[in-house]
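Structure record follows, encoded as structure tokens.
Position 1 is the first residue of the sequence; numbering continues from there.
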Amino acid sequence: MKHVLIFTYYWTPAGGVAVQRWLKFSKYLPENGWQPVIVTVKDGSYPYTDSSLEKEVLPSIKVYKTDTFEPFELYNLLRGKKGKQLPTAMLDSSKKKSLFQKAAEYIRANFFIPDARKGWVKYAVSTGASIIKNQKIDAIITTGPPHSTHLIGLILKKEFGVKWIADFRDPWTSIFTNHYLPRASWAKKYDKSLEDKVLKAADTVAVIGPSMKQEFEDRAKRIAVIWNGFDETDSNEITAKTNNVIFTIRYVGNLFASQKIPAFWKAVARLAKEENAKLQIEFIGRVDESVKLLIEENNLQNLVRYKDFVPHTEAIQLIFTADALLFAIPQVPNDERIITGKIFEYLAAVKPILAFGNTNGDAAKLLQECGREAMCDFEDEATAFNTLSQFYLAFKHREEISYNNAFQAFSRSNQAKKMANVLSEITTA
């Protein structure tokens, strides 16, 4: 058994999509010959926590939790709040910001490069160096965001010459949220220089989709596309849906201002009127106020239900028992590169998916590969209505829409095997 040292800011008790990739990979790597050793943060700043994920951590996995410096605690104190919970509204461009918020955002954008969690780097490097010196470590992995985590790999690679995979769950400098930050030109230049150093120094760069591979391939030695995925065991305890009268469409995850989906709401209004459809739209997660306003403008508020963040086990239950699933890629620059983690769990549920986003993007191609309905443009009301009508009429007449099983290639166990193969290749080269 070889040993891989994994640096991930997000680990239990963190909740949400960011923790899933390496929590799940660590679960399946041992059966592929690699024993994970985890270095993470103690008492980090997370948008959510989810204690139910603790059961996913194998007893054989050693987890080291280090100190860190978190500016969010100071930020919250200045706001009159306690704790280090990350205020997601800081990244919400649709809301008016106070002078204090604008100042905090400017400082965050220009003086915490590449991100506000860079205070973890020195603690993680110290712990990582001690582990490498005293234990048998065959390779290291850093995963971002936060992309400051890759600076840990850069330092340890230089000091020990250890084999290193830099894993990118999202783009770095080109990530869409950077377009909303008031970054100075010098800050952008410095951030890009750090990105270049990481891409050039890593033995392999792992990415979650083809477009990100294309973005990085002129700077990296080697790139491997290793998708996110779904865990086959997550659905073991799913209970059957009890309400078979109301057609229930669900969206699981946060919905921001860039995901208003005007065509969807027009299609829903038309379906409710023309088919007298008994339907309900449920949002599980935070919904931007601008989206709620659009719903009201279409007089659909009576059809919509809101529920805040739920544990992962409950989220899977809600996905697998929906009658149809709503999917929306943020309508932002470089949106063709976005593949949200939920799409794989949507596919695994084998439910109809009404998807909106870049019709030529990676997510659209993934849906096509899995034999699903085509991605709709955000403004394409006609296609949205026709697709939604097809879903509703099948539900009404108790007709099942069948799909192929191509999605099974994206299981967490299959993707962990690919990651293990990359680790073996770089350590035997």
Under 3.5 Å, is there a donor-acceptor pair between the [X] and [Y] side chains?
| X | Y | value |
| --- | --- | --- |
| Glu56 | Thr12 | no |
| Asn414 | Ser411 | yes |
| Asp115 | Ser148 | yes |
| Asp231 | Tyr28 | yes |
| Trp164 | Thr204 | no |
| Tyr403 | Glu373 | yes |
| Asp191 | His147 | no |
| Thr143 | Arg169 | yes |
| Asn254 | Arg286 | no |
| Lys27 | Thr233 | yes |
| Tyr9 | Ser45 | yes |
| Gln317 | Thr239 | yes |

Between atom [atom1] of [X] and atom [atom2] of [Y], what is the distance when rounded to the nearest 0.5 Å?
| X | Y | atom1 | atom2 | answer |
| --- | --- | --- | --- | --- |
| Ile338 | Ile343 | CD1 | CD1 | 11.5 Å |
| Phe395 | Phe391 | CZ | CZ | 14.0 Å |
| Ile152 | Leu5 | CD1 | CG | 9.5 Å |
| Met212 | Ile223 | CE | CD1 | 10.0 Å |
| Glu282 | Leu303 | CD | CG | 11.5 Å |
| Met419 | Ile226 | CE | CD1 | 3.5 Å |

A quick test of your reading: do over 12 heavy atoms of other residues, nucleotides or ligands sit less than 6.0 Å from [atom1] of [X]?
| X | atom1 | value |
| --- | --- | --- |
| Phe112 | CZ | yes |
| Glu232 | CD | yes |
| Gln368 | CD | no |
| Lys221 | NZ | yes |
| Lys273 | NZ | no |
| Lys213 | NZ | no |
| Lys418 | NZ | yes |
| Glu54 | CD | yes |

Can we say [X] and [Y] salt-bridge, meaning some charged N sits less than 4.0 Å from an Asp/Glu carboxylate O?
| X | Y | result |
| --- | --- | --- |
| Glu215 | Arg337 | yes |
| Lys192 | Asp196 | yes |
| Glu314 | Lys307 | yes |
| Glu195 | Arg219 | yes |
| Lys24 | Asp234 | yes |
| Lys157 | Asp203 | yes |
| Glu275 | Arg270 | no |

Check: Under 6.0 Å between the ring centres of His150 and Phe168?
Finding: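 Here the rings of Phe168 and His150 have centres that are less than 6.0 Å from each other.
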- Can the ring centres of Phe264 and Phe378 be said to be less than 6.0 Å apart?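 For Phe264 and Phe378, the ring centres are not under 6.0 Å apart.
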Could you tell me whether a side-chain N or O of [X] sits under 3.5 Å from a main-chain N or O of [Y], the two making a donor and an acceptor?
| X | Y | value |
| --- | --- | --- |
| Arg183 | Asn110 | no |
| Asp380 | Ala263 | no |
| Asn298 | Leu300 | no |
| Gln415 | Trp227 | yes |
| Tyr346 | Leu326 | yes |
| Asn178 | Thr173 | yes |
| Arg305 | Asn302 | yes |
| Asp362 | Ser211 | yes |
| Gln259 | Ala328 | yes |
| Lys278 | Phe247 | no |

| task | Compute both the distance and the angle, then confirm whether Lys292 meets the cation-pi test with Tyr306: under 6.0 Å from the six-membered ring centre, within 45 degrees of the axis. | result |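 Positive - Lys292 is close enough to the ring of Tyr306 and near enough to its axis.
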- Query: Taking the six-membered ring of Phe25, is the NZ or CZ of Arg21 close enough (under 6.0 Å from the centre) and on axis enough (within 45°)?
  - Reply: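 No; the conditions do not both hold, so Arg21 does not lie above the ring face of Phe25.
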Exercise: identify the closest heavy-atom pair between [X] and [Y]:
| X | Y | value |
| --- | --- | --- |
| Ser174 | Asn334 | O-ND2, 3.3 Å |
| Glu31 | Ser413 | OE2-CB, 4.4 Å |
| Leu325 | Ile249 | C-CG2, 4.5 Å |
| Val225 | Ile208 | CG1-C, 4.2 Å |

**Asked** With a 4.5 Å limit on heavy-atom distance, are the side chains of Leu151 and Pro114 in contact?
**Response**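 Yes; the side chains approach each other to less than 4.5 Å.
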Does some side-chain heavy atom of Ser26 sit less than 4.5 Å from a side-chain heavy atom of Leu58?
->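 Result no, sub-4.5 Å side-chain heavy-atom pair not found.
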What class does the angle between the rings of Phe410 and Phe344 fall in, given that below 30° is parallel, 30 to 60° is tilted and above 60° is perpendicular?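 Plane angle between 30° and 60°, so tilted.
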*Parallel, tilted or perpendicular: which fits the ring planes of Phe407 and Phe230, with parallel below 30° and perpendicular above 60°?*
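It falls in the tilted class, 30° to 60°.
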Query raised in the report: So Asp67 and Trp120, side chain to side chain donor-acceptor pair (under 3.5 Å) or not? Walk me through it.
Result: CA-CA 7 Å; Asp67 290 329; Trp120 181 46; over 6 Å; no
Applying salt bridge (charged side-chain N to carboxylate O under 4.0 Å, His left out) to Asp288 and Lys260, what does each step give before you reach the verdict? CA-CA 9 Å; Asp288 188 82; Lys260 290 180 183 178; over 6 Å; no
In sequence, state the C-alpha distance, the side-chain angles, and the governing distance for Leu367 and Leu347, and then conclude on side chain to side chain contact (heavy atoms under 4.5 Å, CB included). CA-CA 8 Å; Leu367 290 171; Leu347 289 167; 4.2 Å; yes
Determine, stepwise, if the pair Glu425 / Arg222 fulfils salt bridge (charged side-chain N to carboxylate O under 4.0 Å, His left out).
CA-CA 11 Å; Glu425 286 168 8; Arg222 170 183 173 165; 2.2 Å; yes
